[in-house]
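These figures come from a predicted structure and were not determined experimentally.
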Amino acid sequence: MSSLSDILTAVKNIVTALNNAAQTYLNVQGAQTLSSLTTATVVKGSAGRVCNVSVLVAGAVGAIYDASSSAATTNKIFVIPATVGVFTVNMPTSNGIVVAPGAGQTVSVSFS
């Protein structure tokens with residue numbers, strides 16, 4: 001027969017595993033969002049993950065960059081289409097996340 005200590009340890013391990021799975025899910029799906037972006041914006045100034053981008057108002061084509069400054073536009077990781085809709089990006093970044101909507105475009109982004 002298992003002791004109470006063994007049972008509590010098993011329950012603790014299950015709770016820890018569920019917490020880790022939930023955190024991983026949030027990191028992939030986007031734990032944070034920014035809405036109604038119309039100009040180049042530093043979404044995150046350090047490494048992270050761009051999960052989804054939602055084009056709310058179509059305009060010119062925009063872009064998402066792996067950068068920590070809105071002036072740094074050399075590490076393009078995603079082209080934001082000039083079409084209304086939700087687009088899966090799911091790309092990690094090592095420097096940061098900069099979202100630069102195209103002219104007349106309004107977007108929202110989920111990230112972690």
Closest non-hydrogen atom pair between [X] and [Y], with its separation:
| X | Y | answer |
| --- | --- | --- |
| Ala82 | Gly59 | CB-O, 2.8 Å |
| Phe111 | Ile97 | CB-CD1, 3.9 Å |
| Val98 | Ala67 | CG2-O, 3.5 Å |

Hydrophobic cluster membership, with links at side-chain heavy-atom distances under 4.5 Å among I/L/V/M/F/W/Y: are [X] and [Y] in one?
| X | Y | value |
| --- | --- | --- |
| Leu56 | Leu34 | no |
| Phe78 | Tyr65 | no |
| Val79 | Val53 | no |
| Phe87 | Leu37 | yes |

Separation between [atom1] of [X] and [atom2] of [Y], rounded to the nearest 0.5 Å:
| X | Y | atom1 | atom2 | answer |
| --- | --- | --- | --- | --- |
| Arg49 | Thr93 | CZ | OG1 | 9.0 Å |
| Asp66 | Asn95 | CG | CG | 4.5 Å |
| Asn13 | Leu8 | CG | CG | 11.0 Å |
| Ile64 | Thr41 | CD1 | OG1 | 11.5 Å |

Do [X] and [Y] touch side chain to side chain, with heavy atoms closer than 4.5 Å?
| X | Y | value |
| --- | --- | --- |
| Lys44 | Val42 | no |
| Val107 | Pro101 | yes |
| Gln105 | Thr38 | no |
| Val50 | Val109 | yes |
| Val84 | Val57 | no |

TODO: Using atom types as modelled and distance alone, determine if a side-chain donor or acceptor of Ser110 lies under 3.5 Å from a backbone N or O of Asn52.
DONE: yes
- [ ] Spell out, as yes or no, whether a donor-acceptor pair under 3.5 Å connects the side chain of Ser69 to the backbone of Ala71.
- [x] yes
- [ ] Quickly, which of Thr83, Val86, Ile80 forms a side chain to side chain contact (heavy atoms under 4.5 Å, CB included) with Val55? Name it, please.
- [x] Ile80
- [ ] Go through the steps to decide whether Cys51 and Ser112 satisfy the test side chain to side chain contact (heavy atoms under 4.5 Å, CB included), and finish with yes or no.
- [x] CA-CA 8 Å; Cys51 301; Ser112 38; 4.0 Å; yes
